Amino acid sequence: MLKEYRTISEISGPLMVVEKVGEAKFDELVEVELASGEVRRGKVLEAQQSSALVQLFEGTSGMDIAQAKVRFLGRVLEIGVSSDMLGRVFDGFGSPIDGGPRIVPEKRLDISGNPINPFARAYPSEFIQTGISTIDGMNPLVRGQKLPIFSGAGLPHAQMAAQVARQASVLGTGERFAVVFAAMGITFEEADYFIADFRRTGAIERAVLFMNLANDPTIERIATPRMALTVAEYLAFEKGIHVLVILTDMTNYCEALREVSAARKEVPGRRGYPGYLYTDLSQIYERAGRISGKDGSITQMPILTMPEDDRTHPIPDLTGYITEGQVILSRELHRAGIYPPVNVSVSLSRLKDKGIGPGKTREDHAGVMNQLYAAYSRGKEAKELAVILGEAALSQTERRFLKFAEAFESRYVRQGEHDNRTIEQTLNLGWELLSMLPRTELKRLKLEHIDKYMPKAGAAAGNS
């Protein structure tokens with residue numbers, strides 16, 4: 001029989017202080033029974049001598065501290081995991097919200113997870129195809145990598161998240177692939193969009209969805225990514241499945257951390273966020289990876305909206321330190337009607353060279369990628385010169401680069417929301433665009449690759 005306490009001394013936001021507690025432990029689960037018989041759950045944030053600071057998942061509104069009874073359960077927050085979770089939709093605490101039956105768990109796991117032993121980590125080296133040219137061709141995603149998308153308010157990151165979740169696949173036969181999708185602090189309309197899109201396209205069959213709405217408890221928002229990653233670890237390392245985890249929107253998650261930190265009266269760090277924001281984010285992001293001897297892998301694609309499009313804001317800044325690159329969305333391209341509005345000039349995948357080449361994508365991938373970067377950069381410089389001096393002042397070569405940059409944005413960057421390009425289609429499109437340039441300017445491509453892959457009509461035009 002669990003001991004009950006009626007010694008709540010203080011309430012502040014989602015927090016309460018319980019006095020004269022025997023042996024409360026950090027992260028221990030707590031039940032609070034109200035006078036009405038309602039039971040609310042929480043966990044211990046701090047345990048000092050004979051008092052405990054408890055964070056309530058459902059909040060403290062309407063509580064009568066004189067009548068409430070507190071029980072410490074002696075276990076941490078867990079989620080029951082099973083292969084049957086594929087194809088299902090859950091709330092942020094792992095309870096089904098799709099009308100289906102409750103999951104019969106094969107085991108229960110602590111949502112904090114276990115750190116991967118650095119010695120046991122396998123280096124990411126296999127390509128994941130998303131069907132989006134600006135990612136696959138220019139900033140390749142590699143199994144076990146953490147590649148975030150930096151967006152802004154009003155930009156189509158939700159559509160991109162759904163498209164990646166719908167289209168992502170691993171190349172090769174016999175490889176099992178799944179998507180764990182966790183949405184935090186989103187509106188009902190956004191949640192309905194994601195769920196409807198997954199069901200309409202059939203992507204739900206290989207996905208596990210966690211939905212935390214904006215009006216759900218703040219504490220649930222903090223638990224949601226950990227719930228999702230615990231399921232991903234089970235599918236990857238115990239079932240041998242390659243798992244892509246999409247977390248959106250990490251900014252809402254960090255706002256929840258700041259809210260709880262303020263309620264705890266902690267000394268704030270940059271812009272009011274807690275000083276442990278870096279540590280907290282790293283505990284989430286570093287749960288991606290591959291383990292030597294295990295078939296599965298976890299690849300992360302966190303999505304965050306940069307407040308005021310500021311890349312130096314603490315959330316994108318710290319995320320950039322922890323992860324291996326970033327895909328940055330451009331408001332300028334979005335205004336021009338280009339989807340997805342990926343700014344390839346400032347986006348970066350630090351592991352791109354590890355997941356491309358013969359046997360992974362194609363032998364010409366690295367050369368095409370580097371040549372496209374260089375030509376697009378030169379084309380943008382020519383565009384700036386044309387604005388100042390007029391296009392008539394440009395040389396014939398500069399005009400070609402200008403036309404190339406325009407074609408690159410309109411044909412390579414722009415693609416339909418349901419346009420799923422294979423890596424071969426992406427590379428062939430790159431060669432078509434490069435055929436607009438003089439062959440003497442293609443200095444980052446091998447001659448044998450030019451002869452093999454360059455469209456013949458384009459090669460002739462480029463030589464003229």
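Note that the structure is predicted; figures quoted are calculated from it, not measured. All heavy atoms count here, side chains included; hydrogens, waters and symmetry mates do not. Position 1 is the first residue of the sequence, and the numbers go up from there.
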**OP:** Heavy atoms only: give me the nearest Phe150-Gly320 pair and the separation to one decimal.
**Re:** CZ-N, 4.2 Å
Original post:
Taking all non-hydrogen atoms of both residues, which atom of Ile132 and which atom of Pro340 are closest, and how far apart?
Top reply: CG2-CG, 3.8 Å
**OP:** Ignoring hydrogens and angles, tell me if any N or O in the side chain of Gln371 forms a donor-acceptor pair with the backbone of Arg444 under 3.5 Å.
**Re:** yes
**OP:** Identify, with sequence neighbours excluded, every residue that meets side-chain contact (heavy atoms from CB on, under 4.5 Å) alongside Ser36.
**Re:** Leu34, Glu38
**OP:** Any chance you could measure Lys69, atom NZ, to Arg6, atom CZ, to the nearest 0.5 Å?
**Re:** 5.0 Å
Original post:
Rounded to the nearest 0.5 Å, what separation is found between the OG1 atom of Thr130 and the CD1 atom of Ile423?
Top reply: 8.5 Å
Subject >> Close side-chain approach of Leu141 and Met301, heavy atoms under 4.5 Å >> reply: yes
Original post:
Between Val180 and Val243, does a side chain to side chain contact (heavy atoms under 4.5 Å, CB included) hold up when you go through it step by step?
Top reply: CA-CA 7 Å; Val180 175; Val243 183; 3.7 Å; yes
**OP:** Walk me through it: do Gln145 and Ser349 pass the test side chain to side chain donor-acceptor pair (under 3.5 Å)?
**Re:** CA-CA 9 Å; Gln145 183 181 7; Ser349 172; 3.0 Å; yes
**OP:** Indicate yes or no: does Arg290 engage Glu126 in a salt bridge with an N to O separation below 4.0 Å.
**Re:** yes
Original post:
Counting only N and O atoms by type, is there a donor-acceptor contact under 3.5 Å from the side chain of Gln415 to the main-chain atoms of Ser133?
Top reply: yes
Original post:
Under a 4.0 Å N-O cut-off, is there an ion pair linking Asp136 with Arg421?
Top reply: no
Subject >> Check: Thr134 main-chain N/O paired with Asn139 side-chain donor or acceptor under 3.5 Å >> reply: yes
**OP:** Please report the C-alpha distance between Leu244 and Val164 in whole Å, then the side-chain angles of each, then the deciding distance to 0.1 Å, and finally whether the side chain to side chain contact (heavy atoms under 4.5 Å, CB included) criterion is met.
**Re:** CA-CA 9 Å; Leu244 173 63; Val164 170; 3.8 Å; yes
Original post:
Do any N or O atoms from the side chain of Arg350 and from the backbone of Leu147 form a donor-acceptor pair under 3.5 angstrom?
Top reply: no
Original post:
Does the pair Arg271/Asp310 count as a salt bridge with the N-to-O cut at 4.0 Å?
Top reply: yes
Subject >> Worked verdict on Glu23 versus Lys3 for salt bridge (Lys or Arg N to Asp or Glu O under 4.0 Å) >> reply: CA-CA 11 Å; Glu23 291 186 356; Lys3 186 174 180 180; over 6 Å; no
**OP:** Answer whether the closest heavy-atom distance between the side chains of Met184 and Met250 falls below 4.5 Å.
**Re:** yes
Original post:
Hey, would you say the Phe194 and Phe181 ring centroids sit under 6.0 Å apart?
Top reply: yes
**OP:** Show your working on side chain to side chain contact (heavy atoms under 4.5 Å, CB included) between Met227 and Val231 and close with a plain yes or no.
**Re:** CA-CA 6 Å; Met227 290 278 181; Val231 173; 5.9 Å; no
Original post:
Are Arg88 and Phe210 in a cation-pi setup, meaning NZ or CZ lies under 6.0 angstrom from the ring centre and within 45 degrees of the ring axis?
Top reply: no
Original post:
Rounded to the nearest 0.5 Å, how far does OG of Ser151 lie from CG of Leu329?
Top reply: 4.5 Å
Original post:
Once you round to the nearest 0.5 Å, how far does CZ of Arg221 lie from SG of Cys254?
Top reply: 12.0 Å
**OP:** Go through the steps for Leu427 and His365 under the test side chain to side chain contact (heavy atoms under 4.5 Å, CB included), then give the verdict.
**Re:** CA-CA 7 Å; Leu427 292 173; His365 192 156; 3.9 Å; yes
Subject >> Contact check, side chains of Arg121 and Ser292, non-hydrogen atoms, under 4.5 Å >> reply: no
Original post:
Would you find a donor on one side and an acceptor on the other, under 3.5 Å apart, between the side chain of Asp110 and the backbone of Gly113?
Top reply: no
Original post:
Would a 4.5 Å heavy-atom cut-off, applied to side chains only, mark Thr426 and Tyr412 as touching?
Top reply: yes
**OP:** Considering only NZ, NE, NH1 and NH2 on the basic side and carboxylate oxygens on the acidic side, decide whether Glu259 and Arg264 come within less than 4.0 Å.
**Re:** no
Original post:
Given the rule in the side chain to side chain donor-acceptor pair (under 3.5 Å) test, do Ser9 and Glu19 qualify, once you have shown the distances and angles that lead to the verdict?
Top reply: CA-CA 7 Å; Ser9 63; Glu19 304 287 353; 3.1 Å; yes
Original post:
Is the side chain of Ser330 donor-acceptor paired with the backbone N or O of Leu333 at a distance under 3.5 Å, no angle test?
Top reply: yes
Original post:
Mind checking whether Arg41 and Leu56 have side chains closer than 4.5 Å, heavy atoms only?
Top reply: no
Original post:
Would you call Glu175 and Arg143 a salt bridge, using N to O less than 4.0 angstrom?
Top reply: yes
Original post:
Is the number of heavy atoms from other residues, nucleotides or ligands within 6.0 Å of OH (Tyr321) greater than 12?
Top reply: no
Original post:
Would you call Glu238 and Lys107 a salt bridge, taking side-chain N to carboxylate O under 4.0 Å as the test?
Top reply: yes
Subject >> Straight-line distance of Ile111 CD1 to Leu229 CG, nearest 0.5 Å >> reply: 10.0 Å
Original post:
Are the side chain of Thr60 and the backbone N or O of Gly13 linked by a donor-acceptor pair below 3.5 Å?
Top reply: yes
Subject >> Ser377 side-chain N/O to Tyr373 backbone N/O, donor-acceptor pair under 3.5 Å >> reply: no
**OP:** Please lay out, stage by stage, how Tyr376 and Ser345 fare under the test side chain to side chain donor-acceptor pair (under 3.5 Å).
**Re:** CA-CA 8 Å; Tyr376 181 53; Ser345 299; 5.0 Å; no
Original post:
Side chains of Glu46 and Val54: closer than 4.5 Å at any heavy-atom pair?
Top reply: no
Subject >> Distance-minimising heavy-atom pair for Leu45 and Phe26 >> reply: O-CD1, 3.2 Å
**OP:** Describe, in one word, how the ring planes of Tyr5 and Phe72 are oriented to each other, choosing from parallel (under 30°), tilted (30 to 60°) and perpendicular (over 60°).
**Re:** perpendicular
Subject >> Smallest separation among heavy atoms of Gln159 and Glu417, with atom names >> reply: CG-OE2, 3.5 Å
Original post:
Can you find a heavy atom in the side chain of Arg176 that is under 4.5 Å from one in the side chain of Val170?
Top reply: no
Original post:
Would you say Leu53 and Leu15 make side-chain contact, with heavy atoms under 4.5 Å?
Top reply: yes
Original post:
Does the Asp98 side chain pair with the main chain of Val89, one donor and one acceptor, at a distance under 3.5 Å?
Top reply: yes
**OP:** Before accepting this row, confirm whether a basic side-chain N of the pair Asp419/Arg414 lies closer than 4.0 Å to the acidic partner's carboxylate O.
**Re:** no
Original post:
Under 3.5 Å, is there a donor-acceptor pair between the side chain of Glu190 and the main chain of Thr187?
Top reply: yes
Subject >> Partners meeting salt bridge (Lys or Arg N to Asp or Glu O under 4.0 Å) with Asp309 (sequence neighbours left out) >> reply: Arg331
**OP:** Among residues two or more places apart or on two chains, list those pairs meeting side chain to side chain donor-acceptor pair (under 3.5 Å) that have a residue in residues 332-342.
**Re:** Gln163-Tyr339
Original post:
Any salt bridge between Glu286 and Lys146, counting N to O under 4.0 Å?
Top reply: yes
**OP:** May I have the step-by-step check of salt bridge (Lys or Arg N to Asp or Glu O under 4.0 Å) for Arg75 and Asp27, ending in yes or no?
**Re:** CA-CA 8 Å; Arg75 54 187 173 84; Asp27 252 5; over 6 Å; no
Subject >> Check: His313 ring centroid to Tyr273 ring centroid under 6.0 Å >> reply: yes
**OP:** Enter the distance from Asn252:CG to Leu247:CG here, rounded to the nearest 0.5 Å.
**Re:** 12.0 Å
Subject >> Residues Glu233 and Arg287 bridged, charged N to O under 4.0 Å >> reply: yes
